[in-house]
Amino acid sequence: MPVTIAYARAIDGIHAPLVTIETHLANGLPAFQIVGLPEAAVRESRDRVRAAIQTSGFEFPRRRITVNLAPADLPKDGGRFDLGIALGILAASQQIPAAALAHHEFLGELGLDGTLRPVGGTLAAGPAAADAERALVVNPEDGAEAALASRARVLTGLHLSAVCAALAGREALVPAQPPEPSAPAHPDLADVRGQHQARRALEIAAAGGHHLLMVGPPGSGKSMLASRIPGILPPMDEGEALETAAIHSLRGSSHLRQDWRARPFRSPHHTASGVALVGGGSTPRPGEISLAHQGVLFLDELTEFSRSVLDVLREPLESGVIHISRAARQAEFPARFQLVGAMNPCPQGFDCDLAERCECTPEQRARHRKRLSAPLLDRIDLAIEVPRIPPKDLAGSAEASEDSASVAKRVARARKVQRERQNGLNSALDGTALDRYAALGTADRELLDKAAERFRLSARAYHRILRVARSIADLNDAEAIATQHLTEALSYRALDHWRTQ
């Protein structure tokens, strides 16, 4: 008997590698074997497929059936190959035309009654199938996700019998439609009273994609400020949105709604483990830092996180990717996010402006500050103090505060300048690009060198100051970095001195 071929897609990080389902029927005692490095859920598909074929009105062949999932060195997990295996058996037994399989790829778990169930993680499969000039067949719930890519051709069916009828030309499957994008509602900066320096730091961080640390007593508005960053960030383009949505689809996240183009805002609790931030599992899945890709990762009560947990951020903050290695699987997920941290200045929280009420000893304050390692702090571009708001400012009119829409326009203009000039954000400028786009005059260079020696700044911190100064200049529509831009950037490193006290 000839070998029949059907196609499916596995999951490998945010990629969807092709899996060729080869089915062979031979004479001999009835048997059903699946090979090609299948995990437990794939091996169990033998029983699901047998029952689904029989309850859908087809005959399950009483032959020796061998199904090979190629390539053999790629691990396969989940029930996503059920539909392709069932169709391969039906084509090999000549119950459906085998030629029709060549133009489609199939993803779906089968119920015992032949119902096609969603499997999740199908977004990357849509454009991958389109690149191979094939249509993707999935459950309707997966169809809206897989059809987010404009070039993908996605067909949906509810039952094995419906897919077989379509392959035989008796009826047509329903094309999937992506959800209509909608503008998300973000909290407005106009609600924030006072905190002019913090608002300015938020704008600079958003304009250049910089990391931000806010230090202040409880109730000063740190969390309120952080929650308003997504409202001043520009929307993602299709490529950024698809990459971010593909990450969320691996977690079955509800992020894939009508606002799927909105930048993510992740705020894990301080009891989160390192695995929760990085990701993991026997089949690697993304963690919070990847779910915040192209968006904001907000860590409130930063010093309450375990130091070992915080230190796992160091690599992705620098490289923008995270590598997860397990005994049998390795995966790489993008993790280019903006880190926004908030913390109290001391264990009790009153060290900033109510020192007379603070009962913490100098040793307790020092231990509190040292919960953040120097290498982590070195990777933060802007660090500011957020003081307590005077009651007279709290009673002021909201009309006096600038709204998010006005700030977002300046941020979008600054980002447009950066992309046209260097095809990326200022936070990603390397040494060569800094020499070209963030050059300083002689006096400003001497000023920066003196500051670096005074505060014992590392080379990394030195370059981050230049990147922040470049973002400030872009917000001010300046072609070159001026002295006022550099001095403002230096003021956001003042906590380097605070850390060493």
[Y] and [X] side chains, donor-acceptor separation under 3.5 Å:
X      : Y      : value
His270 : Glu301 : no
Asp311 : Ser308 : no
Tyr437 : Asn426 : no
His323 : Gln330 : no
His210 : Ser471 : yes
Asn476 : His485 : yes

Show the nearest heavy-atom pair for residues [X] and [Y], with the distance to one decimal.
X      : Y      : answer
Pro235 : Arg263 : O-NH2, 3.9 Å
Asp378 : Ala461 : OD1-CB, 3.4 Å
Glu203 : Leu475 : OE2-CD2, 3.7 Å
Leu377 : Arg493 : O-NH2, 4.2 Å
Val42  : Gly78  : CG2-O, 3.4 Å
Pro234 : Arg415 : CG-CD, 3.7 Å

